[in-house]
Amino acid sequence: MKKVLSSFLAWDASSCTNNECDTQRGEMVVLVTGAAGFVGSHVSLALRERGDGVVGLDNFNSYYPVALKRARAKNLLKDGVFVVDGDINDSALLERLFALVKFTHVLHLAAQAGVRYAAHNPLAYVHSNVNGFVTLLEQSKNSNPQPAIVFASSSSVYGLNDKVPFSEGDTTDRPASLYAATKKADEALAHTYNHIYGLSITALRFFTVYGPWGRPDMAYFSFTRNIVEGHAIRIFQGPHGEELARDFTFIDDVVKGCVASLDTATPSTGSGGRKNTAAQHRVFNLGNTHPVKVGTLVSILEKHLNKKAIRHIQPMPNTGDVMYTHANVTKARLELGYTPTTNLELGLKHFVKWYQNYYKSGSAHEASMSGYKPY
Ligand SMILES: NC(=O)c1ccc[n+]([C@@H]2O[C@H](COP(=O)([O-])OP(=O)(O)OC[C@H]3O[C@@H](n4cnc5c(N)ncnc54)[C@H](O)[C@@H]3O)[C@@H](O)[C@H]2O)c1
Ligand SMILES: O=C(O)[C@H]1O[C@H](OP(=O)(O)OP(=O)(O)OC[C@H]2O[C@@H](n3ccc(=O)[nH]c3=O)[C@H](O)[C@@H]2O)[C@H](O)[C@@H](O)[C@H]1O
């Protein structure tokens, strides 16, 4: 902790004057939690590139290879984004960070992700997604100024709903996984902190996000690895042989949705824990609007990799999967100008190109995010 703070202080001294971060636009100073993660690293880079002040926070846990998180953080540092190595549950660290930097916004992406892992590791989700979120909300509530908060919820909150496409006003009372239940809890907590303390809070329901620098635990990534290495892949199907489908959403579209949410966030209205007037409370779907069957995703990967998969079709395990996701993004289009533009065929092409480059022998830790900056 001491080492972490002293390196952060060294960064702070060189990058900030009088606690004001040295931004080109001087508008936003954003704390990005989960900045060494897949989505967090991309959004941090996009914000930094247009001149916003960005500080990252990530605990670099070993849910998937830490080397990938370190490589993302190393790339961010090249662009002037320092990722503090710490946990969102560490209230003393948060207090210190907020005392050093007057954050105008928090983009909260740190979480224990993954639907199926939750069935066997429930407490990891309670730790990061529930306790961690409350710790961060408490710090934000007590800060002056209070930052506007944008955080990652999940398409999984729609749970066992079968009316599609999913719209923000639909019920979220039937989560199918513990992961989904913790994201639903986050949405409820966001409402409470908005209601009592006037925190401006936006929940973004991401739909199965994929792309370069992605998450090795996700199907598109593990399928790619297994096809390349000649191992079989398991494709889950429903109880009556139905094929599962997902509204796979490309990372660049999600980045644009996150940035637009930050740009349209109104300031919080409380001060040092006291509410003045009602602040913004919003929920948006960020999906692609074109669900694709998992078998079709595999066929696209086969094409890009020029290699056949060994497919094992299996009943889906009883660990929280849903059959189908499909986003209605009308609300995000009208209020955020969100229009997803990358289809699965093109998005997977970008991913495969990155994968082949990143895992080229000996180059894994040297790969640069700068080779891929379409936004
Ligand atoms: N990728 C998707 O398909 C998807 C879909 C829906 C929602 N989400 C949500 O979006 C967010 C980002 O997801 P991602 O795909 O980038 O996942 P990720 O696992 O790559 O990123 C999350 C990061 O948070 C960090 N983290 C976890 N717990 C922490 C803690 N207690 N303190 C500090 N850091 C912590 C991890 O080390 C990781 O780097 C998550 O909240 C996730 O639940 C992702
Ligand atoms: O949008 C979300 O809210 C979620 O998106 C993501 O979850 P999922 O949609 O479950 O993505 P992912 O694991 O890639 O499985 C994709 C498909 O492949 C199927 N699948 C999976 C593994 C396997 O071995 N075989 C298989 O058929 C599987 O049954 C599924 O049909 C995020 O991980 C999660 O953090 C969460 O936020």
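Atoms within each ligand, like the ligands themselves, are counted from 1 in listed order.
- The aromatic rings of Tyr358 and Trp354 sit parallel to each other, their planes meeting at less than 30°, with 60° as the upper class boundary.
- Listed by atom number, the atoms of ligand 1 under 4.0 Å from Asn61 heavy atoms are 26 (N), 27 (C), 28 (N), 36 (C), 37 (O).
- Geometrically, ligand 1 and Phe206 share no nitrogen or oxygen pair separated by less than 3.5 Å.
- Of the possible donor and acceptor atoms, one in the side chain of Lys307 sits under 3.5 Å from a partner among the backbone N and O of Val228.
- In Ser153, the part holding a heavy atom less than 4.0 Å from any atom of ligand 1 is the backbone.
- Counting the atoms of ligand 1 from 1 in the order shown, those under 4.0 Å from a heavy atom of Val209 are 1 (N), 2 (C), 3 (O).
- With Asn89 contributing its side chain and His127 its backbone, the two residues share a donor-acceptor pair below 3.5 Å.
- Judged by the shortest distance from any of its heavy atoms, Ala36 lies inside the 4.0 Å radius around the atoms of ligand 1.
- A cation-pi arrangement is found for Lys331 relative to Phe284, the charged atom lying closer than 6.0 Å to the ring centre and inside a 45° cone about the ring normal.
- Here the protein heavy atom with the shortest distance to atom 28 (N) of ligand 1 is Ser128 OG, 3.1 Å.
- The nearest protein atom to atom 13 (O) of ligand 1, hydrogens excluded, is given as Val39 CG2, 4.2 Å; this is a heavy-atom distance.
- Closest heavy-atom approach to atom 22 (C) of ligand 1 among the candidates Ile251, Val32, Leu109, Asp87: Leu109.
- In terms of polar-atom proximity, defined here as any N/O pair under 3.5 Å, Lys69 does make such a contact with ligand 1.
- Using cut-offs of 30° and 60° on the angle between ring planes, the pair His191 and His195 is parallel.
- In terms of protein heavy-atom proximity, atom 32 (N) of ligand 1 is nearest to Ile88 N, 3.1 Å.
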Next on the checklist: Could you go through Phe250 and Tyr210, starting from their C-alpha distance and side-chain angles, then the distance that decides it, and tell me whether this counts as ring-ring contact (aromatic ring centres under 6.0 Å, His included)?
Outcome noted: CA-CA 5 Å; Phe250 191 57; Tyr210 71 99; 5.4 Å; yes
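- At the top of the distance list for atom 17 (O) of ligand 1, counting protein heavy atoms only, stands Arg215 CD, 3.2 Å.
- Remark: distances from the non-hydrogen atoms of Gly86 to ligand 1 include one below 4.0 Å.
- Cation-pi geometry between Arg205 and Tyr158 is satisfied (NZ or CZ under 6.0 Å from the ring centre, within 45° of the ring normal).
- Checked options Pro145, Pro147, Ser143; the residue passing with Lys102 is Pro145 (criterion: side chain to side chain contact (heavy atoms under 4.5 Å, CB included)).
- Tested against Gln280, the residues Thr264, Thr202, Thr266 include a single side-chain hydrogen bond (donor to acceptor under 3.5 Å, both in side chains) partner, Thr266.
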Checklist entry - Tyr220 and Phe248: ring-ring contact (aromatic ring centres under 6.0 Å, His included), yes or no, with the steps? => result CA-CA 10 Å; Tyr220 72 94; Phe248 296 104; 7.8 Å; no
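- Every heavy atom of Arg205 sits 4.0 Å or more from the atoms of ligand 1.
- Near Tyr64, meaning under 4.0 Å from any of its heavy atoms, are these atoms of ligand 1: 18 (P), 19 (O), 20 (O).
- Remark: ligand 1 and Ala110 share no N or O pair separated by less than 3.5 Å (distance only, no angle test).
- Asp247 contributes no side-chain N or O that, together with a main-chain N or O of Thr325, makes up a donor-acceptor pair within less than 3.5 Å.
- Linking Ile, Leu, Val, Met, Phe, Trp and Tyr residues whenever their side-chain heavy atoms come within less than 4.5 Å leaves Val294 and Val322 in two separate clusters.
- Asn59 OD1, 3.2 Å is the protein heavy atom nearest to atom 35 (C) of ligand 1.
- Any N or O atom pair closer than 3.5 Å counts here, and Asp58 shares at least one such pair with ligand 1.
- Aromatic ring centroids of His108 and Phe133 lie under 6.0 Å apart.
- Between Ser91 and Arg96, the side chains place no donor N or O within less than 3.5 Å of an acceptor N or O (distance only, hydrogens not considered).
- Taking 4.5 Å as the limit, every side-chain heavy atom of Asn121 sits out of range of all side-chain heavy atoms of Gln112.
- For ligand 2, the protein residues within 4.0 angstrom (heavy atoms only) are Ala113, Gly114, Val115, Arg116, Ser154, Ser155, Ser156, Tyr179, Phe206, Phe207, Thr208, Arg215, Met218, Ala219, Phe223, Arg234, Ile235, Phe236, Leu244, Arg246, Val294, Asp321.
- Scanning the protein heavy atoms around atom 43 (O) of ligand 1, the nearest turns out to be Tyr179 OH, 2.7 Å.
- Per-residue contacts place Ala152 under 4.0 angstrom from the following atoms of ligand 1 (heavy atoms of the residue considered): 9 (C), 10 (O), 11 (C), 41 (O).
- Under the 6.0 Å distance and 45° angle rule, Lys184 does not count as a cation-pi partner of Tyr179.
- In this structure, the protein non-hydrogen atom closest to atom 21 (O) of ligand 1 is Gly37 CA, 3.4 Å.
- The shortest N/O to N/O separation between Lys183 and ligand 1 falls below 3.5 Å.
- Within the listing of ligand 1, atoms 1 (N), 3 (O) sit less than 4.0 angstrom from a heavy atom of Met218.
- When the salt bridge (charged side-chain N to carboxylate O under 4.0 Å, His left out) test is applied to Arg215, the partners found at least two apart in sequence or on another chain are Asp217.
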